[in-house]
Every structure is written in structure tokens, then in C-alpha cells.
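See structure below.
Below, all heavy atoms of this structure are taken into account, side chains as well, without hydrogens, waters or symmetry copies. Residue numbers begin at 1 in each chain, while the letters A, B, ... track the order of the sequences. Just so it is clear, the structure is predicted and the values come from calculations on it, not from any experiment.
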There are 2 protein chains.
Amino acid sequence: MLSVIEILADCRLFTAVPAKSFQRLAAMARLAKFRKGQMIFRENEDCPGVYVVGKGMVRVFKTGAGGKEHVLHIVEAGGTFAEVAALGGFKVPASAEAVEATLCALLPQPLFRKALEEDHPLCLGMLSGLSLWVKHLVGLLEDVVLRDAAGRIANYLLDARRTADGAVALPSLKRYVASHLNLTSETFSRTFRRLIDAGLISIGKKNHVLIVAPERLRSVAQGILPKV
Amino acid sequence: MLSVIEILADCRLFTAVPAKSFQRLAAMARLAKFRKGQMIFRENEDCPGVYVVGKGMVRVFKTGAGGKEHVLHIVEAGGTFAEVAALGGFKVPASAEAVEATLCALLPQPLFRKALEEDHPLCLGMLSGLSLWVKHLVGLLEDVVLRDAAGRIANYLLDARRTADGAVALPSLKRYVASHLNLTSETFSRTFRRLIDAGLISIGKKNHVLIVAPERLRSVAQGILPKV
DNA sequence: TCCGAATCTTGATCTGGATCAATTGCGGCA
DNA sequence: TGCCGCAATTGATCCAGATCAAGATTCGGA
């Protein structure tokens with residue numbers, strides 16, 4: 001079982017946080033466990049604090065009219081969510097659900113804000129963490145607006161974290177990846193197939209994707225559609 | 001002619017910044033003037049610093065394959081742009097152009113970062129400013145992904161700042177509003193007309209829009225399409 | 001090992017908004 | 001006042017991706 005210290009130490013958002021501030025965070029954190037499929041919070045609830053994922057996977061999504069969902073973010077070990085609402089002190093703007101059994105460290109909102117107010121290096125670290133998150137969001141927006149289906153998938157694959165053998169591991173359900181890219185799973189499946197048939201990628205074991213032709217994939221991501 | 005002090009004082013991002021820190025910002029700022037149509041910077045250039053608009057209008061946009069543009073943000077007096085790149089220290093992720101003759105205060109990047117490092121209250125103020133910006137971006141994303149054309153326009157009108165008489169003043173060119181909502185100007189025009197015909201809004205003098213039926217407009221924004 | 005349920009794939013059809021193509025309207029200027 | 005040029009409107013058509021509808025796989029559990 002992971003400890004809060006281990007979880008926090010493994011989190012990108014806090015890499016820039018000096019040891020002393022880190023101690024303080026570790027002291028306030030408590031563990032939060034979620035079953036597969038369990039809702040962590042719903043849109044518009046009060047923000048419990050900053051969640052840091054230690055193990056498992058969480059999807060953060062907005063729900064629109066008619067129950068249509070859009071996955072804003074798929075958070076795996078080392079990632080955080082609800083940071084923004086915790087910082088700004090407003091209601092959470094989206095819902096979060098554990099996609100698999102998940103273990104998080106939770107930094108409770110009031111303590112966390114107090115720490116920020118008193119701890120300047122922590123504050124700085126969070127600023128640069130947040131600016132990365134903004135950059136990511138702008139990237140997402142760019143994706144949805146300026147790229148077609150193939151471009152979005154290509155871009156996603158190129159940006160995704162690789163496993164040791166250079167493959168991309170898709171998060172559990174393809175459906176969630178599709179929603180993240182604002183595609184239906186049908187369109188995702190079809191477009192994926194086209195990329196395979198065109199020889200740009202190939203499928204390995206257990207949801208692992210090999211990038212066969214990175215250059216060509218890159219040009220697809222830039223909007224040059226694959227001919228066939 | 002506006003002074004840097006006046007410009008900064010009128011800026012939302014710095015409302016939470018205490019007087020002393022404010023002085024420091026004012027001291028480092030310099031004025032930057034742009035002609036109508038002038039490019040301020042282009043995607044991927046080094047970030048000159050934080051721009052605060054005092055007068056005029058700036059559009060911040062990304063360019064995709066085939067020259068297609070998407071307006072991320074229309075910045076008017078009191079708004080800022082390039083803050084994120086300045087904070088994070090990376091290249092600007094989008095281009096900026098003055099839509100009309102524009103006067104900005106520029107907080108040069110190295111001085112600004114130095115101030116952040118030394119000034120904790122400033123840092124805190126920026127954190128809450130940034131978190132609002134993230135919220136805005138998530139809203140944008142939600143818009144593009146979960147709403148149809150009418151819903152986006154309705155939502156835009158409801159969120160926009162009102163003039164004294166309760167009307168919404170559209171930024172100079174409708175075309176830019178359309179792009180901001182990820183619509184072509186043709187679709188924007190048509191959908192706008194439908195909202196007028198349905199009696200939800202009406203057009204006043206000089207690009208001013210009156211919201212006739214706020215309730216019904218709100219339900220359109222939530223995805224209940226106007227029947228006719 | 002086998003079963004059942006959920007996910008994924010594949011095919012056929014539909015549609016919102018884009019694109020292409022004229023007009024029409026308006027603001028600035030001599 | 002009348003012309004010029006850009007922006008907005010309006011109409012006709014097109015298309016990427018959604019939706020609807022079956023099958024084919026995959027995987028957890030007994």
C-alpha cells in the first residue's frame with residue numbers, strides 16, 4: 001500500500017516544491033480510496049481539496065444537455081485533479097469518477113490554501129504547475145477545433161507517455177479516449193483502423209499501440225490527411 | 001493618454017494584488033502601442049512579458065493546418081494576455097493581433113518573474129487570477145464540445161459584459177466572434193437570425209444586442225433548441 | 001474451461017454546419 | 001452626394017462525423 005509521502009513524491013505538480021514545503025503537504029494529506037466506478041465528486045459540488053492519484057485511474061468529465069459527456073482529462077498515477085477549484089476556492093467545474101480501483105492522496109482545501117498563503121516556494125511551484133495545465137487545455141482546445149479525427153488521434157498518440165518498449169498504452173477503455181478526443185467510439189474505431197491499414201501504427205498486446213511511422217503520423221497530426 | 005498605472009489599476013488579474021506589490025509592477029511596466037491590424041507576436045516566439053490592455057482590442061488566436069484560425073480570446077480593456085507563457089517561461093502558444101488601435105502596458109518577462117519570486121502576495125494574486133483563466137478555458141471547451149451553434153451564441157451573449165442599458169456590445173467584427181465560438185460567419189449570421197426571429201434577442205444600434213427573453217435564451221444555452 | 005455481459009468493430013444512413021457562390025448593406029472618403 | 005470596398009446576409013450544395021443497427025471480441029467470474 002502506498003503512503004501519502006510516496007504518492008506526493010511521485011507527483012509532477014510538486015516536483016518544484018522544496019523539501020520543507022513538501023513536508024507540510026505530506027503532513028496534511030490523507031488517503032482516499034475509491035472502488036472501480038465510484039464517483040469522487042460531481043460538477044458544482046464544493047471542492048474537497050487537491051487530489052493526487054497514486055494508483056489507478058480517474059476520469060474527469062463534464063456533462064452536457066441530454067447527458068452527453070466529455071472527458072476533460074484522464075488522470076493516472078502522478079497526476080492531480082481539482083487543483084484549480086481548490087486554488088480559486090470555487091465549486092468543482094466537472095465531475096470525477098474512478099475508472100478502476102484508485103488510491104489518492106487528498107490535500108484538504110482549507111489546509112492547502114493556508115499553506116499556500118504562508119509558503120511562498122510552494123506558491124511558485126503551483127504557479128508553474130498551473131501554467132502547464134493551461135497550456136494543456138489550450139492544446140486540447142486546439143485539437144478539437146483545428147484538427148480532424150485522424151489528426152486528433154495522431155496527436156494524442158504522439159503526446160502520450162510511452163512504455164519502456166516505446167509503445168503507447170491506451171487507458172483501459174477506448175471509449176474514454178474517444179470521448180477525450182471528442183469522437184464517438186465508432187468514429188474512433190474506424191479512424192484507428194485507417195491508421196493501421198495505412199501502416200502508420202500497429203497494434204501490440206493488450207491495448208498497446210506501436211508507432212510504426214512517427215514522421216508520417218506527425219504529418220497527419222499537422223493536418224495532412226493520409227491518402228488512403 | 002492612459003498611464004501604466006491607470007491601465008494596471010483597471011486590470012482584473014491584479015485586483016487581488018496589495019498596494020506595495022502593485023507599485024512594483026507599475027514601476028517595471030512600459031507602454032506598448034499597436035496600430036490597427038498590427039501583429040503583436042506570433043505563435044512560438046519568445047514571450048516578451050505580460051500584456052495588459054488599456055484601450056483597444058486584441059485577438060489571440062491559433063493557426064491550424066491550411067491557415068484556419070481559431071480565436072482563443074478577445075481581449076479588451078482590463079484584460080491580459082501572454083500571462084501564462086510569461087509565468088511558465090515558455091514560448092507563446094498562440095499569436096496576438098491588434099484588432100483596433102490598441103494601448104497596452106507590458107510587464108517585461110524577466111522583471112515580472114523576478115517580482116513573483118520575491119513577492120508572495122503578488123504570487124497569490126496571480127494564482128487566483130490564473131485559476132479563473134483555467135475556468136474560462138474549461139468553459140470554452142465545454143462550449144465547443146457540448147453545445148450546438150445556437151447554444152454557443154446564447155451562452156456567449158449571457159456571459160458577455162453588459163453596457164449601462166443592459167445590452168451586449170459585440171466586438172467590432174462579427175467574424176471574430178464567430179471564430180471565437182468555432183463557427184463560420186455564415187452559420188453565425190444564420191443562427192443569429194433564428195434567435196431574432198424566435199424573439200429571444202433583438203438588435204439595437206451599432207452592434208448592440210438586446211436580450212429580450214433571458215429565460216428562454218438560457219434554456220437554449222442549456223441545449224433546449226428553439227423550436228422554430 | 002465455459003458462459004454471459006460489456007466493449008469493440010463494421011456497415012448503412014442521416015445531419016449540422018462548412019463551403020461555395022451571389023447579393024446586399026454599410027462606413028469612410030473625396 | 002455618390003462611389004468604393006469590406007463585411008454581412010442569404011441561398012445551394014457538400015461532407016465529416018454522428019447516429020442507428022447488427023455482429024464479433026474480449027474478459028471477468030464461477
Side-chain angles (χ1 to χ4, degrees), chain A residues 35-37 57 59 64-71 99-101 143-154 170-197 201 203-209 220 223-228, chain B residues 36-37 57 59 64-71 99-101 143-154 170-197 201 203-209 220 223-227:
Chain A
R35 296 183 309 282
K36 174 172 174 166
M57 183 179 301
R59 75 186 176 106
K68 185 183 171 187
E69 291 181 355
H70 178 240
V71 176
V99 171
E100 5 179 296
D143 239 40
V144 168
V145 158
L146 299 173
R147 280 188 239 271
D148 65 4
R152 274 176 251 170
I153 294 180
L170 294 180
S172 55
L173 295 191
K174 287 211 175 111
R175 187 214 302 169
Y176 294 140
V177 181
S179 165
H180 183 52
L181 300 174
N182 194 33
L183 298 170
T184 56
S185 49
E186 292 96 324
T187 300
F188 181 84
S189 179
R190 273 187 261 270
T191 310
F192 207 72
R193 151 104 2 215
R194 273 199 291 131
L195 291 177
I196 293 172
D197 290 348
I201 58 179
I203 203 86
K205 295 255 146 145
K206 200 176 177 293
N207 268 1
H208 280 204
V209 179
V220 171
I224 295 101
L225 308 177
K227 283 290 129 50
V228 180
Chain B
K36 174 173 172 165
M57 184 180 298
R59 74 186 178 104
K68 186 183 171 188
E69 291 181 355
H70 177 242
V71 176
V99 171
E100 4 178 299
D143 239 41
V144 169
V145 158
L146 300 173
R147 281 190 239 269
D148 64 4
R152 273 176 253 171
I153 294 180
L170 294 180
S172 55
L173 295 191
K174 287 212 176 101
R175 188 212 302 170
Y176 293 141
V177 181
S179 164
H180 183 51
L181 300 174
N182 194 34
L183 298 170
T184 57
S185 48
E186 292 95 326
T187 300
F188 182 83
S189 179
R190 273 187 261 268
T191 310
F192 208 71
R193 150 102 6 209
R194 273 200 290 131
L195 291 178
I196 293 172
D197 290 347
I201 58 178
I203 202 88
K205 295 254 146 148
K206 200 175 176 294
N207 267 1
H208 279 207
V209 180
V220 171
I224 296 102
L225 308 178
K227 285 286 129 54

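Direction of the helix axis in the helix from C/dT9-D/dA22 to C/dA30-D/dT1 shifts by 40° between the two five-pair termini, rounded to 10°.
In this structure a side-chain-to-backbone donor-acceptor pair under 3.5 Å is missing from A/H208 to A/I203.
Atom CG in B/L181 sits about 16 Å away from atom C1' in C/dA18, given to the nearest Å. Look at CG on A/N182: it is 14 Å from C1' on C/dG17, rounded to the nearest Å. Distance CZ (A/F192) to P (C/dT10): 12 Å, rounded to an integer number of Å.
To the nearest 0.5 Å, atom CG of residue B/L183 and atom CZ of residue B/R190 are 11.5 Å apart. To the nearest 0.5 Å, atoms CG (B/N182) and OG1 (B/T187) are separated by 10.0 Å. One finds the CD atom of B/E100 at 9.0 Å from the CG atom of B/L173 (value rounded to the nearest 0.5 Å). The CZ atom of A/F192 lies 5.5 Å from the NZ atom of A/K174; values are rounded to the nearest 0.5 Å.
The two residues B/K36 and B/V99 have their closest heavy-atom pair at CG-O, 3.4 Å. Nearest heavy atom pair, residue A/S185 against residue A/R175, reads CB-CA, 4.4 Å. Taking every heavy atom of both residues into account, B/R152 and B/L181 meet most closely at NH1-O, 2.8 Å. Nearest heavy atoms, B/A154 versus B/V220: CB-CG1, 3.9 Å. Nearest heavy-atom pair, B/V71 versus B/H180, reported as atom, atom and distance to 0.1 Å: O-ND1, 3.1 Å.
For the pair B/S185 and A/T191, nearest-nucleotide mapping onto DNA chain D gives the more 5' position to B/S185.
The phosphate of C/dC8 has neither OP1 nor OP2 within less than 4.0 Å of any side-chain N or O from A/S189.
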Quiz prompt | Where protein sits on nucleotides 20-30 of chain C, one letter per nucleotide: B base, S sugar-phosphate only, - none, heavy atoms under 4.0 Å | solution = B----------

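On the nucleic acid side, DNA chain D contacts chain A at distances under 4.0 Å to non-hydrogen atoms, with the end points of that region at D/dG17 to D/dC20.
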